[in-house]
Amino acid sequence: QVQLVESGGGLVQAGDSLRLSCTASEGISSSFAMGWFRQSPGKEREFVAAVSRSGSVTHYADSVKGRFTISRQNTKNTMYLQMNNLKIDGTAIYLCGVLKTNTGWGRVQDGNLYNYWGQGTQVTVSS
């Protein structure tokens, strides 16, 4: 059972940047993809970004494209999310997940397919 721990959240002002990390308890280099999702009170979990096994392929939600960058470093069992120009609607708990098997890149935004999840890290963006 892979355990995931997110870190790097905090309280920032609109326009600021944050870098989130997701560290796995064991090797993740064989996983098909890893992803970041976020959930706000009263809202469903929302896809943010995903990265392929090698890190060479990425996919972003339209709402964060151009502002967020996802990456992974398999030698450190860690995935990152660099978030620039944060907006107030970015306030949420950010969760990382591991998608073990190849379900097709077109489905990486479906959180129901992910096998492991972290507990999340809170990001609060104020005006």
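Given the structure is predicted, the values throughout are model-derived calculations rather than measurements.
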>> So which atom in Asn85 and which in Ser17 form the shortest heavy-atom distance, rounded to 0.1 Å?
In response: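 That would be N-OG, 4.1 Å.
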What pairs meet the salt bridge (Lys or Arg N to Asp or Glu O under 4.0 Å) rule with one or both residues in [range], with sequence neighbours excluded?
range	value
residues 100-110	none
residues 3-21	none
residues 23-42	Arg38-Glu46
residues 49-68	Asp62-Lys65

> Using a side-chain heavy atom cutoff under 4.5 Å and only I, L, V, M, F, W and Y, what cluster partners does Val5 have?
Replying inline: none
> Are Leu95 and Val48 linked, directly or through other ILVMFWY residues, by side chains that come within less than 4.5 angstrom of each other?
Replying inline: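 In one cluster with Leu95: Val48, no.
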> What about Leu99 and Met79, same hydrophobic cluster or not, with Ile/Leu/Val/Met/Phe/Trp/Tyr joined at side-chain heavy-atom distances under 4.5 Å?
Replying inline: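 No, Leu99 and Met79 fall in different hydrophobic clusters.
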Sequence-distant partners of [X], side-chain contact (heavy atoms from CB on, under 4.5 Å), two or more places apart:
X	result
Ser30	none
Gln122	Thr91, Ile93, Thr124
Ser7	Ser21
Asn102	Phe32

>> Around atom CD of Gln82, are there more than 12 heavy atoms from other residues, nucleotides or ligands closer than 6.0 Å?
In response: yes
>> Taking ring pair (Phe, Tyr, Trp, His ring centres under 6.0 Å) as the definition, give me every residue that meets it alongside Tyr114, ordered by chain and number, with sequence neighbours left out.
In response: Phe37, Trp117
> With sequence neighbours left out, which residue pairs that include part of residues 54-84 fulfil the ring-ring contact (aromatic ring centres under 6.0 Å, His included) condition?
Replying inline: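 Non-adjacent pairs meeting ring-ring contact (aromatic ring centres under 6.0 Å, His included): Phe47-His59.
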> Which residue pairs pass the disulfide bond (SG atoms under 2.5 Å apart) test when at least one of the two sits in residues 39-83, sequence neighbours left out?
Replying inline: none
> Once you round to the nearest 0.5 Å, how far does CG of Asn112 lie from CZ of Arg45?
Replying inline: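 Here the rounded value is 5.5 Å.
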